[in-house]
Amino acid sequence: MTDFQYDLFVIGAGSGGVRAARMAAAFGARVAIAEERYLGGTCVNVGCVPKKLFSYAAHYHQDFSDARGFGWQTEGPSFDWTTLRDNKNTEIERLNGIYGRLLDNAGAELIEGHASFVDANTVAVNGVEYRAKNILIAVGGWPVMPDIPGAEHAISSNEIFYLEQLPRRAVVVGGGYIACEFASILNGLGVETTQLYRRDLFLRGFDVEVREVLAEEMRKAGVDIRFRENISRIEKLDDGSLRLDLVSGEVMDTDLVLCATGRKPLLEGLGLDKLPVDITAGGYIHTNEYFETPVPGIYALGDASGGLELTPVATAEGTALANNLFNGQHRKVDYRDVPTAIFSHPNVATVGYSEEEARKQFGDISVYTSSFRHLKHTLSGNSAKTFLKLIVDKASDRVVGLHMVGDEAGEIVQGMAVAIKAGATKADFDATIGIHPTAAEEFVTMREAVR
Ligand code: NDP
C-alpha cells in the first residue's frame, strides 16, 4: 500500500478523466493524470465545443437572408474561413489552459505523454513508471474510417476543424450525429454539400418521424441528402479534386470527403493485453455499473467503455467514480431520460423514448405532434418548419418522450428534460401556462392526440 505514489492514476484528460481527477484530488486523494495529446479531449478540441462554434458561424448565412424581411439590407455578406478557424483555435487554446489550471488548482499532477500499463498497478509514461492503487482508463474514442480503396483521401472529424481552406464541394458520409451536424455546417458555410447514408433514413435509433422531418428540413436548407448510397472508391485527380465511385454506380466529383462513420475507443498501445480486462465486440472496455473492470483497482468510463457517448454522461461517470473511491459513496449513474441534441440545422433535441420504443415499452400510448412555421419566419420568408412531439404512456399519463426539430431545440429540451426526469404527466404539461409568443409554448398547448 505504502509503495503507491498515487491513489488514482487517470489515463486520458478528456471530459470524464479530468472530472474524475479533479474530484478525487478535491477529496484528498493523490492523483496523476496522463495525456498524450490535448487537454479537454475530443469535446474541447475536435468535438462539441469547436463544432458548436462552427454551427453558430453557419447559422449566420440563413440569418443574413432572414434579416431582409425585417428591413435589414445585407446584400453580399462574404465569409472568411481562416478568420473562423483561427478564432476558434484561439478559443480552444484558452480552454486548454483553463483545463490545465483546473487540474493544477485541484492538486492533480499532469503527466504529458503516452501511458501504458506495465502491470495492474503500474503505468509507464515516457519511460518512467508510476505506481497507483487505482487506475482509470478514460482514453476516449477516435474516428473509424471505412475500408475502401482511396480512403486515405478522405478526412475525419479530427481534420475538418483545421482545414487550410474551405472546399467548394464536399461529400459527408454517414448518418449519425457528426455527419448530420457537419453536412449542415458545411452547407451553411456555403459549401455545395452532399450527405450519403447507406440505409433508408439517417439517425438510426431516433424517433422515425423526427428523422423524416430533419431530412426534409435539411434538404430544404440545401443539403443534397442521398439515402441508400455510399462511396465504394475514392480517386484523387491531378487537379487535386476527388472522384468518387458510388455504390449506385454513379460517379461524383468533389473537393472533400468527410467520413463520419463512427468512432471507437483508443486502446492501441495501452498494454491492455497484459491484463484480463474484457473488450467487447465493438472494441469497448467492459465494466460493471460501478465502472469496475474484472481487474481490481482498474476502472474505465466515458467513450472508452461505451454506452451513451456524450460529454455530460462521461462527466457524470467521472463524478460518480471519484465519489465511490474517495468519498465513501456507492453511486451508479442513472442513464434514464438523458437528453441529447444534434446540432444539425435545424437542431434536433430529444429526451425519453421514441414513438417506436415507447410503443414496445408501454403498449398503449398517445402521440401529440405540432408542426408550424415559427413566428419569425412569417416575415423572413424562410419556409423552415418547427416540429414538436410528445409521447404519453396512457396508463400513467406520464410524458415518456419529448422531441423537437427546430431553432434552439437543444436549449428548449434541456429545460423540458427536468420535467420528464421528474415524471411529469400530460396533465402537468396541460396545466403549465405557456410563454407567448414562443415556439416552446406549443409543448404545453397540444390538446388533441394525433395517434
Ligand atoms: P455514429 O455511430 O452516431 O454514426 C456513424 C454513422 O456512420 C452511422 O450512420 C453508420 O451507419 C455510418 N457508418 C458506419 N460505418 C459506415 C461505413 N463503412 N460506410 C458508411 N457509413 C457507415 O457516429 P458519429 O461518428 O456520428 O458519432 C459518434 C458518437 O459521438 C455519437 O454516437 C454520439 O454519441 C457522439 N456525438 C454526440 C454529439 C452531440 O451530442 N451533439 C455530436 C457528435 C457526436 P448505420 O446507421 O448503418 O450504422
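Each ligand, and each atom within it, is numbered from 1 in the order the structure gives.
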Item to check | Nearest-contact summary for atom 9 (O) of ligand 1 - protein heavy atom, Å | outcome: Gly175 N, 2.9 Å
Next on the checklist: Is any side-chain heavy atom of Thr386 closer than 4.5 Å to one of Val405?
Outcome noted: no
Checklist outcome for this item: the protein heavy atom lying closest to atom 10 (C) of ligand 1 turns out to be Arg198 NH2, 4.0 Å
Next on the checklist: Keeping Asn96 on the side-chain end and Leu39 on the backbone end, is there a donor-acceptor pair under 3.5 Å?
Outcome noted: yes
Checklist entry - Nearest protein heavy atom to atom 48 (O) of ligand 1, by residue and atom, and its distance? => result Arg204 NH2, 2.7 Å
Item to check | Cation-pi, Tyr353 ring and Lys360 (6.0 angstrom, 45 degrees) | outcome: no
Checklist entry - How far is atom 28 (C) of ligand 1 from its nearest protein heavy atom, and which residue and atom name does that atom have? => result Arg263 CD, 3.6 Å
Checklist entry - Any idea which protein heavy atom is nearest atom 34 (O) of ligand 1, and the distance to it? => result Glu309 O, 2.8 Å
Item to check | ring-ring contact (aromatic ring centres under 6.0 Å, His included) pairs, two or more places apart, involving residues 260-295 | outcome: Tyr290-His330
Checklist outcome for this item: Restricting to heavy atoms, the pick from Phe343, Tyr197, Phe202 nearest atom 11 (O) of ligand 1 would be Tyr197
Checklist entry - Can you tell me which residue and heavy atom of the protein come closest to atom 42 (C) of ligand 1, and the distance to 0.1 Å? => result Glu181 OE1, 3.2 Å
Next on the checklist: For ligand 1, which is the ligand I care about here, please tell me if Thr340 has any N or O atom under 3.5 Å from one of the ligand's N or O atoms.
Outcome noted: no
Next on the checklist: Can a side-chain donor-acceptor contact be found between Thr287 and Glu292 if the only test is distance below 3.5 angstrom?
Outcome noted: no
Checklist outcome for this item: If we number the atoms of ligand 1 from 1 as shown, the ones under 4.0 Å from a heavy atom of Lys51 are 41 (N), 42 (C)
Checklist entry - Taking the six-membered ring for Trp, are the ring centroids of Phe79 and Tyr60 within less than 6.0 Å of each other? => result no
Checklist outcome for this item: Checking heavy-atom distances from atom 22 (C) of ligand 1 to each of Thr261, Asn230, Ile148, the winner is Thr261
Item to check | Short side-chain donor-acceptor distance under 3.5 Å, Ser396 and Asp393 | outcome: yes
Item to check | Numbered atoms and elements of ligand 1 in range of Ala260, under 4.0 angstrom, heavy atoms | outcome: 5 (C), 6 (C), 7 (O)
Checklist entry - For residues Glu442 and Ser370, is any side-chain donor paired with an opposing acceptor at under 3.5 Å? => result yes
Next on the checklist: What protein heavy atom lies closest to atom 26 (O) of ligand 1? Include the residue and the distance to one decimal.
Outcome noted: Ile178 N, 3.0 Å
Item to check | Identity of the nearest option to atom 3 (O) of ligand 1, non-hydrogen atoms only, from Pro146, Gly141, Gly176 | outcome: Gly176
Next on the checklist: Donor-acceptor check, side chain of Gln329 to backbone of Arg331, threshold 3.5 angstrom: yes or no?
Outcome noted: no
Item to check | Parallel, tilted or perpendicular, as decided by the 30° and 60° cut-offs, for the rings of Phe202 and Phe227 | outcome: perpendicular
Checklist entry - For ligand 1, does Leu203 get within less than 4.0 Å through its side chain, its backbone, both, or neither, judged by non-hydrogen atoms? => result neither
Checklist entry - Under 4.0 Å from any heavy atom of Ala341, which atoms of ligand 1 are there? => result 39 (C), 40 (O), 41 (N)
Checklist entry - Is there a donor in the side chain of Tyr177 and an acceptor in the side chain of Ser344, or the other way round, less than 3.5 Å apart? => result no
Checklist entry - Hey, does Arg199 come in under 3.5 Å of ligand 1, counting only N/O atoms on both sides? => result yes
Next on the checklist: Any nitrogen or oxygen of Leu310, side chain or backbone, less than 3.5 Å from one on ligand 1?
Outcome noted: no
